[in-house]
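Notes follow the structure.
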Amino acid sequence: GLGDVYKRQNEDLPTNGSWKLFDVVRVNPDPDRPETIWKLRSETGDDCTRGPILSACQICARFRVVQCHRMLIRTLKDDGNAVPVAFTDTGLCTKRAKSFENLVIIGDYYQGVEMFGFDADPYRMIPLSKDENGTRVNECDFIAYDKKLFVVSSDDNGKINLMEYDPYNVESIKGQRLIHKTHFSPNLFTTKMMNVSRRRSVFSMVSTLPFRKEFDLGYEVIGATIEGGFYRITPVADYQHRRLHLIQAFINENRHQWLGLNVDFDKGSVVEMRHISRFLALDENIKKKTASKLGKTALVEIYRDIIGVQ
């Protein structure tokens, strides 16, 4: 789906928008360009909606649009018409809206992150949880790992927040609140986030490890910044985090700080791979001595953890 906004020249008229739904079809490619095997075919759309289209994506074989202060779920009929089947009101200024299976999160610049569930029998939107801290959201997305669901968001100050949806936790009040887990400041302005299965991630080396097909590797988030860089947020198990966090603490304690500044201030409990890369460049005896604090075979496990998150 594709949505846009257009404003009329007269100030007394409201802002309108439009959306279009495309189908990706296979065609005969150009002999000189064999990669042109796919084509976008317009299925349906609305050229004049009441209010701007702020976001559009698919959910449960349907598609969702955030139109002004309302989120609409539409389904495509046999005659080609897109019929709205469910809706819910949104906040003051929706910046991003993302879906994962039958779940939707809406990132509002003034009211933080709010999560909804979509039910098709009967059609309805169910409010599930929200961020009570009211973080000014610039971008957000889902992270799923080990039967746990997280929401990662970034604000216009470059801070990245990690929250968990856990209705069985007392702090969440039966899931009504997203539990704040940690935050860190990479000092980068995030323009885009996308959650990707770790088995299909283009930046991952996890395919080199002998994981069984039924093993759940979870989903990670790939982010892009306005400075032109990329970063990746990958979930790991608790025992892996303990090993890697020890290595990061060792590197931070034994390096000189530029101008006496603490470059790792406000990093939370996040493990950064740039510190782990410094550990790999150390002498082998130093690595063995550091890893011995975690056990006899800890160094081998550390190498396995590093490959698993790269």
Using modelled atom types and a 3.5 Å cut-off, is there a donor and acceptor pairing between side-chain atoms of N138 and backbone atoms of S154?
no
Could you check whether the rings of Y123 and F118 sit parallel, tilted or perpendicular, using 30° and 60° as the cut-offs? parallel
Decide, yes or no, whether a salt bridge links K148 with E164 under the criterion of side-chain N to carboxylate O below 4.0 Å. no
Margin query: F63 vs T75, test: side chain to side chain contact (heavy atoms under 4.5 Å, CB included). Steps then yes/no.
Written below: CA-CA 7 Å; F63 72 101; T75 185; over 6 Å; no
Q) Quick check: are there more than 12 heavy atoms from other residues, nucleotides or ligands sitting under 6.0 Å from CD1 of I226? A) no
Separation between CD (E227) and OG1 (T190), nearest 0.5 Å, reads 8.5 Å
- prompt: Are more than 12 heavy atoms from other residues, nucleotides or ligands located less than 6.0 Å from atom CZ of F87?
  reply: no
Under 3.5 Å donor-acceptor, Q58 side chain and R64 backbone:
no
Taking OH in Y219 as the centre, count heavy atoms belonging to other residues, nucleotides or ligands within less than 6.0 Å. Is the count above 12?
no
Stepwise side-chain hydrogen bond (donor to acceptor under 3.5 Å, both in side chains) test for D155 and Y109: CA-CA 8 Å; D155 59 22; Y109 186 77; over 6 Å; no
Test side-chain hydrogen bond (donor to acceptor under 3.5 Å, both in side chains) on H275 and R278; report intermediate values, then the result. CA-CA 5 Å; H275 300 315; R278 293 191 180 99; 3.1 Å; yes
If you count heavy atoms of other groups shown closer than 6.0 angstrom to CG of N28, is the number above 12? no
_Show, in sequence, the C-alpha distance, side-chain angles and deciding distance for D108 and K95, and conclude whether the side chain to side chain contact (heavy atoms under 4.5 Å, CB included) test is met._
CA-CA 5 Å; D108 190 88; K95 296 288 288 185; over 6 Å; no
| N-O pairing of D89 and R70 below 4.0 Å | yes
Is there a side-chain contact between I105 and E114, using heavy atoms and a 4.5 Å cut-off?
no
Going by heavy atoms in the side chains, are Q176 and K130 under 4.5 Å from each other?
no
Item to check | Full working for side chain to side chain contact (heavy atoms under 4.5 Å, CB included) between Y165 and L128 | outcome: CA-CA 9 Å; Y165 173 65; L128 298 177; 4.2 Å; yes
(message) Using side chain to side chain contact (heavy atoms under 4.5 Å, CB included), reason through K287 and F279 one step at a time and then give a plain yes or no.
(response) CA-CA 7 Å; K287 289 190 284 188; F279 173 78; 3.5 Å; yes
(message) Within the 4.5 Å heavy-atom criterion, are K98 and M193 side-chain neighbours or not?
(response) yes
*Got I126 and F116 here, is their nearest side-chain heavy-atom distance under 4.5 Å?*
no
Going by heavy atoms in the side chains, are M115 and L178 under 4.5 Å from each other? yes
To the nearest 0.5 Å, atom CE of M273 lies from atom OG1 of T234 at 9.0 Å
